[in-house]
Amino acid sequence: MKVETDVEVTETVCHEDKIAHLQMIQGVIDRMSTSAAIYKGFAATIVTGIAAISFTEVSAWILLIAFFPVGCFLVMDTYYLKLEKQYRILYEKVRNEKIAPDFSLDSRCSKAELYDANATWLKCLQSPSIWMFYAPIIIIGVIIASLKFAGVI
């Protein structure tokens with residue numbers, strides 16, 4: 001008959017706590033990446049609608065105002081990417097046992113940690129997942145508005 005020592009029981013509980021805490025953090029990261037995909041879908045839908053109505057008798061100013069939500073989605077998408085990176089830092093801290101699995105989801109990091117993980121606002125804005133999607137949308141908006149102001153369409 002095997003008798004477990006207090007150390008073995010404590011290690012098992014700590015390991016289970018660590019796994020549960022990592023799963024909680026991963027759940028948050030998954031929800032943020034899903035939100036980013038939803039924002040991109042909304043932005044694409046708006047641009048498609050704007051392109052469709054640009055050939056009707058709509059004011060060029062209305063078209064410019066219609067691109068405002070796309071800018072909002074750009075900011076929100078960048079914000080959620082920044083938060084996602086912060087939670088990845090927290091995940092690594094728990095995984096590498098730099099902090100105890102206390103089930104906290106506080107993702108605050110030092111400026112050095114944010115900089116090392118490319119989790120600053122500017123670095124997130126420069127992420128290919130942001131600029132490769134939103135830059136063409138902004139360019140399309142500028143072209144459509146310019147053509148509308150010039151009277152071509």
Side-chain angles (χ1 to χ4, degrees), residues 14-153:
C14 286
H15 184 68
E16 290 172 0
D17 287 350
K18 179 179 170 181
I19 290 172
H21 193 190
L22 290 173
Q23 288 173 337
M24 285 175 54
I25 297 167
Q26 186 60 47
V28 172
I29 293 169
D30 290 343
R31 285 192 301 276
M32 287 185 194
S33 63
T34 300
S35 295
I38 290 170
Y39 295 147
K40 286 178 174 72
F42 284 150
T45 302
I46 289 171
V47 170
T48 303
I50 291 169
I53 66 167
S54 66
F55 293 102
T56 63
E57 293 298 320
V58 175
S59 167
W61 292 106
I62 298 296
L63 288 176
L64 283 178
I65 291 171
F67 272 95
F68 177 74
V70 174
C72 292
F73 288 130
L74 167 67
V75 171
M76 288 187 337
D77 202 1
T78 304
Y79 173 72
Y80 276 107
L81 179 60
K82 182 181 182 304
L83 272 180
E84 181 181 334
K85 288 184 177 196
Q86 285 178 237
Y87 276 101
R88 289 182 189 278
I89 293 169
L90 176 62
Y91 186 94
E92 287 302 312
K93 285 180 185 176
V94 173
R95 187 181 71 81
N96 293 325
E97 298 178 352
K98 291 182 181 176
I99 59 173
D102 60 356
F103 298 98
S104 171
L105 292 176
D106 184 6
S107 67
R108 285 180 282 188
C109 304
S110 69
K111 289 188 185 272
E113 289 173 321
L114 292 174
Y115 186 77
D116 291 342
N118 292 328
T120 63
W121 272 96
L122 183 59
K123 288 293 185 181
C124 289
L125 191 58
Q126 293 172 346
S127 170
S129 68
I130 300 293
W131 70 264
M132 287 180 70
F133 182 80
Y134 289 100
I137 287 177
I138 291 168
I139 291 168
I140 289 169
V142 168
I143 290 171
I144 289 173
S146 298
L147 291 174
K148 195 70 170 178
F149 276 112
V152 175
I153 57 172

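One-based numbering along the sequence shown.
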Query raised in the report: Quick one: does N96's side chain have a donor or acceptor within less than 3.5 Å of a partner on E92's backbone?
Result: yes
Report summary line: Sorted by chain and residue number, the side-chain contact (heavy atoms from CB on, under 4.5 Å) partners of R31 (sequence neighbours excluded) come out as V28
Report task. Nearest 0.5 Å please: distance from the CG atom of N118 over to the OG atom of S127. Result -> 9.0 Å
Report task. Write down the atom of K18, the atom of V94, and the distance for their closest heavy-atom approach. Result -> CE-O, 3.5 Å
Report summary line: Closest heavy-atom pair, A43 versus I137, reported as atoms and distance to 0.1 Å, is CB-CD1, 4.3 Å
Query raised in the report: What distance do Q86 atom CD and L81 atom CG have between them, rounded to the nearest 0.5 Å?
Result: 10.5 Å
Query raised in the report: Has Y79 got more than 12 heavy atoms of other residues, nucleotides or ligands less than 6.0 Å from its OH?
Result: no
Query - W131: partners by side-chain contact (heavy atoms from CB on, under 4.5 Å), with sequence neighbours left out - result: P128
Query raised in the report: Distance from C124 atom SG to E84 atom CD, nearest 0.5 Å?
Result: 9.0 Å
Query - Separation between CG of D77 and OH of Y134, rounded to the nearest 0.5 Å - result: 4.0 Å
Query - Side chains of E113 and D116 in contact at under 4.5 Å (non-hydrogen atoms) - result: no
Query raised in the report: For atom OH of Y80, is the number of surrounding heavy atoms from other residues, nucleotides or ligands below 6.0 Å larger than 12?
Result: no
Query - Residues, nucleotides or ligands: over 12 heavy atoms within 6.0 Å of K93 NZ - result: yes
Report task. Output the distance between atom OH (Y115) and atom CG (L122), rounded to the nearest 0.5 Å. Result -> 10.0 Å
Report task. Kindly compute the distance separating CZ (F73) from NZ (K40), expressed to the nearest 0.5 Å. Result -> 12.0 Å
Query - L74/F133 under side-chain contact (heavy atoms from CB on, under 4.5 Å): CA gap, chis, key distance, verdict - result: CA-CA 9 Å; L74 167 67; F133 182 80; over 6 Å; no
